[in-house]
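Here the structure is laid out as structure tokens; the discussion comes afterwards.
For this chain, numbers begin at 1 and follow the sequence in order. Note that ligands are numbered from 1 as they come in the structure, with each ligand's atoms numbered from 1 the same way.
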Amino acid sequence: MKKISILIPAYNEEASLPALYNSLCNSVFRRDDYEWEVLFVNDGSKDNTLEVIKKLRETDKRINYVNLSRNFGKENAMLAGFDYVTGDCTIIMDADLQHPPTAIPEMIKYWEDGYEDVYARRNNRGKESYLRKKLSLTYYSLLQRSTRIDILQNVGDFRLLDRRCILALRQLRETQRYTKGLYCWIGYKKKEIRFDQADRTEGKSSFNLFGLLNLAIEGVTSFTTAPLRIATVLGFVVSIIAFLYLCFIIIKTIFIGESVQGYPTLITVILFLGGVQLLTIGIIGEYVGRIFNETKNRPVYIAESYNETKL
Ligand code: UDP
Ligand code: MG
């Protein structure tokens, strides 16, 4: 019998877990044509999430958990999950019930048809401000234009991955992770399904605008070096303009003679160039920072225990 794992990263989700477990029981666990496993990754929760998971495990041995030694962030927690899932395929979902378990049978159907990565695209983006929607749209289209890898829009982490995808993802151990892009990077046969994203009922989202901005920069810097290219081109263009202006001044001085003027031009040019230089140094810095982080070669997460076993 094939085994299906459900991978759920959880950070401060004590309020959502019982409801999540119930809805899994009601929709998918009923099916006995598959063996089921649920793997919770407790990402250093500060509330009683771990106790709730342990209690669930006491009554249902299909539930497993990895406990991380502190909060490593969702992206890293998911890698921990990839390392510990055992199923023939893995379904990743959020703990907050925003991803409906009712979509799972459809995913499994496509998996049985031979697709290796069945991802769910949101029909709606739920309660979000107009500005946030607009920004995210612009961001995706810019990102897409600067890289050859398809990075899908409105597609989150709710997806089914065949074991082969999981094995591939395990090899990608970069520390600053942008998993959304990694799914696309590994390739394999993909299939899209649609779902309506529910609003979070319990607890609160741990991503604020600043966090999203960080994730956005992560996305760009881990998938494309286009900003460096832009810096090069910008430097080139500015140099050419400066050179033409230089020629113009020389010729003007020869034929018309010199008059000491031009304080405003000087100051604008200096400020403009100063700005451009700072910007480019910043861009280079982003990439140098990534190199710094990767060369330290630290593990992406530290797992404290797997089920009852201390690691
Ligand atoms: N999460 C996590 N570690 C974190 C933050 C979030 O494991 O540091 C989990 C969280 O428990 C949830 C999922 O990631 O299962 C999505 O988080 P959230 O609902 O806060 O994000 P949003 O839905 O707003 O994107
Ligand atoms: Mg959520």
(request) Verify the ring-centre separation between Y119 and Y183: is it less than 6.0 angstrom? (result) no

(message) Using a 6.0 Å distance limit plus a 45 degree cone around the ring axis, check whether R122 lies over the aromatic ring of F195.
(response) no

(request) Run the numbers for me: atoms of ligand 1, each under 4.0 Å from some heavy atom of E13, listed by number. (result) 10 (C), 11 (O), 12 (C), 15 (O)

(message) Could you tell me, atom by atom, which parts of ligand 1 come under 4.0 Å of a heavy atom of P9?
(response) 7 (O), 9 (C), 10 (C), 11 (O), 12 (C), 15 (O)

(request) Give the cluster check for I283 versus V220: same hydrophobic cluster or not, with ILVMFWY residues linked at side-chain heavy-atom distances below 4.5 Å. (result) no

(message) Can you tell me if, anywhere in D96, an N/O/S atom lies at a distance from the Mg ion (ligand 2) that is smaller than 2.8 Å?
(response) yes

(request) Output the list of atoms in ligand 1 that are nearer than 4.0 Å to some heavy atom of D94, sorted by atom number. (result) 13 (C), 15 (O), 16 (C), 23 (O)

(message) Cation-pi check for Y115 against K189: NZ or CZ below 6.0 Å from the six-membered ring centre and within 45 degrees of the axis, yes or no?
(response) yes

(request) Select one of side chain, backbone, both or neither to describe which atoms of V41 lie under 4.0 Å from any atom of ligand 1, heavy atoms only. (result) neither

(request) Please could you name the atoms of ligand 1 that Q98 approaches to less than 4.0 Å, counting only its heavy atoms? (result) 19 (O), 23 (O)

(message) For residues M93 and L182: do they belong to one hydrophobic cluster (side chain heavy atoms under 4.5 Å, members Ile, Leu, Val, Met, Phe, Trp, Tyr)?
(response) no

(request) Can you sort out which atoms of ligand 1 are near D43, meaning under 4.0 Å from one of its heavy atoms? (result) 2 (C), 3 (N), 4 (C), 7 (O), 8 (O)

(request) Taking atom CZ of R229 as the centre, report whether more than 12 heavy atoms of other residues, nucleotides or ligands fall under 6.0 Å from it. (result) no

(message) Test your reading of the structure: does A95 have an N or O sitting under 3.5 Å from an N or O of ligand 1?
(response) yes

